[in-house]
Amino acid sequence: MPQFHNTININASPDKAWTVVGNLAAVNRWVPMLSDAKVEGTQRVCTLADGSGHMRESIRDYSNEKRSYAYTIIEGPLPAKNYRGSFAVMPHGKGSVVVWETDFDLLDPAQEDEVTRLFEGIYAQCLDSLKQLIEKS
């Protein structure tokens, strides 16, 4: 089971960073693979930018006070199942740090190295985009 613990330091207050991270319907502003996102009750539906479909996520433990939430992907074209993730924004020096943790089971365990490299690249690209969006706003 691949597990990822990703962090990025942001030159902005935790409250400012949370206004972006915590805006569930605007995740497409910093996840380049998404063209749209909308919230339907406790679920988020994200449209893939390449036109290949969508992902449906279940959002839980959303907390403005803690600046965090967790999610599971319940539908989507991933090489994985049982995908779980969480975001948290915390103070760090004069700015903040965003923590993105994920784990999932592989559909084909023989592809673990390939899938791990794929996801590492995706997470790095998304966090870089997130940092730029927060710091420029």
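Scanning all heavy atoms of the two residues, the minimum distance from V39 to A25 falls at CG2-N, 3.9 Å. Closest approach of V21 to Y69, counting heavy atoms only: O-CE2, 3.6 Å. Closest heavy-atom contact between P77 and L48: CG-CD1, 3.4 Å. Between D50 and S52, the shortest heavy-atom distance links the atoms OD1-OG, 2.6 Å. Across every non-hydrogen atom of P32 and A49, the tightest pair is O-CB, 3.9 Å. Closest non-hydrogen pair, A12 versus I134, comes out as CB-CG2, 3.7 Å.
Taking the six-membered ring where the residue is Trp, W100 and Y123 present perpendicular rings, their angle passing 60° and hence far from 30°.
Between the T116 side chain and the E112 main chain, a donor and an acceptor come within less than 3.5 Å of each other. Not a single donor-acceptor pair under 3.5 Å links the side chain of S86 to the backbone N or O of A70. Looking only at distances, no side-chain donor or acceptor of K16 sits under 3.5 Å from a matching main-chain atom of S96.
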**Message:** Checking T102 against Y71 for the side-chain contact (heavy atoms from CB on, under 4.5 Å) test, could you report, in this order, the C-alpha distance in whole Å, the side-chain angles of both residues, the deciding distance, and whether it holds?
**Reply:** CA-CA 9 Å; T102 60; Y71 67 100; 3.7 Å; yes

**Message:** Walk me through whether I10 and E135 qualify under side-chain contact (heavy atoms from CB on, under 4.5 Å).
**Reply:** CA-CA 7 Å; I10 307 288; E135 290 179 355; 4.1 Å; yes

**Message:** Would E40 and V45 count as a side-chain contact (heavy atoms from CB on, under 4.5 Å) here? Give the steps.
**Reply:** CA-CA 7 Å; E40 299 173 347; V45 179; 3.6 Å; yes

**Request:** Run the numbers on N11 and K131 for side-chain contact (heavy atoms from CB on, under 4.5 Å), then give the verdict.
**Result:** CA-CA 8 Å; N11 294 320; K131 178 180 176 73; 4.1 Å; yes

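To the nearest 0.5 Å, atoms CG (L118) and CD (Q111) are separated by 10.0 Å. Interatomic distance, NZ of K38 versus CD of Q43, reported as 11.5 Å (0.5 Å rounding). Here C46 contributes atom SG and H54 contributes atom NE2; the two are 9.5 Å apart, rounded to the nearest 0.5 Å. Remark: E101 CD to S68 OG distance equals 11.0 Å, nearest 0.5 Å. Between the CD1 atom in I8 and the CG atom in L127 there is a gap of 5.0 Å [rounded to 0.5 Å].
Residues Q125 and M33 meet the side-chain proximity criterion, which asks for heavy atoms closer than 4.5 Å. Side-chain contact between R60 and T72 is present, with at least one heavy-atom pair separated by less than 4.5 Å. Side-chain contact between H5 and V99 is present, with at least one heavy-atom pair separated by less than 4.5 Å. The shortest side-chain heavy-atom distance between N6 and F87 does not fall under the 4.5 Å cut-off. No side-chain heavy atom of V115 sits under 4.5 Å from any side-chain heavy atom of R117. Using a 4.5 Å heavy-atom threshold, the side chains of L24 and Y62 count as touching. D103 is not listed as a side-chain neighbour of F4, based on a closest heavy-atom distance of 4.5 Å or more. Taking the side chain as every heavy atom from C-beta outward, V98 and T7 never approach each other to under 4.5 Å.
Tracing side-chain contacts under 4.5 Å through hydrophobic residues (I, L, V, M, F, W, Y), one never reaches V27 starting from I74; they form parts of separate clusters. Transitive grouping of hydrophobic side chains (ILVMFWY, heavy atoms separated by less than 4.5 Å) keeps V97 and W18 in distinct clusters. The cluster map of Ile, Leu, Val, Met, Phe, Trp and Tyr, joined by side-chain heavy atoms under 4.5 Å apart, puts I73 and L107 in different clusters.
Atom CZ of R84 has more than 12 neighbouring heavy atoms from other residues, nucleotides or ligands inside a 6.0 Å radius.
Between the side chains of N82 and D105, at least one donor N or O sits under 3.5 Å from an acceptor N or O. Side-chain contact, S13 with D15: no donor N or O sits under 3.5 Å from an acceptor N or O.
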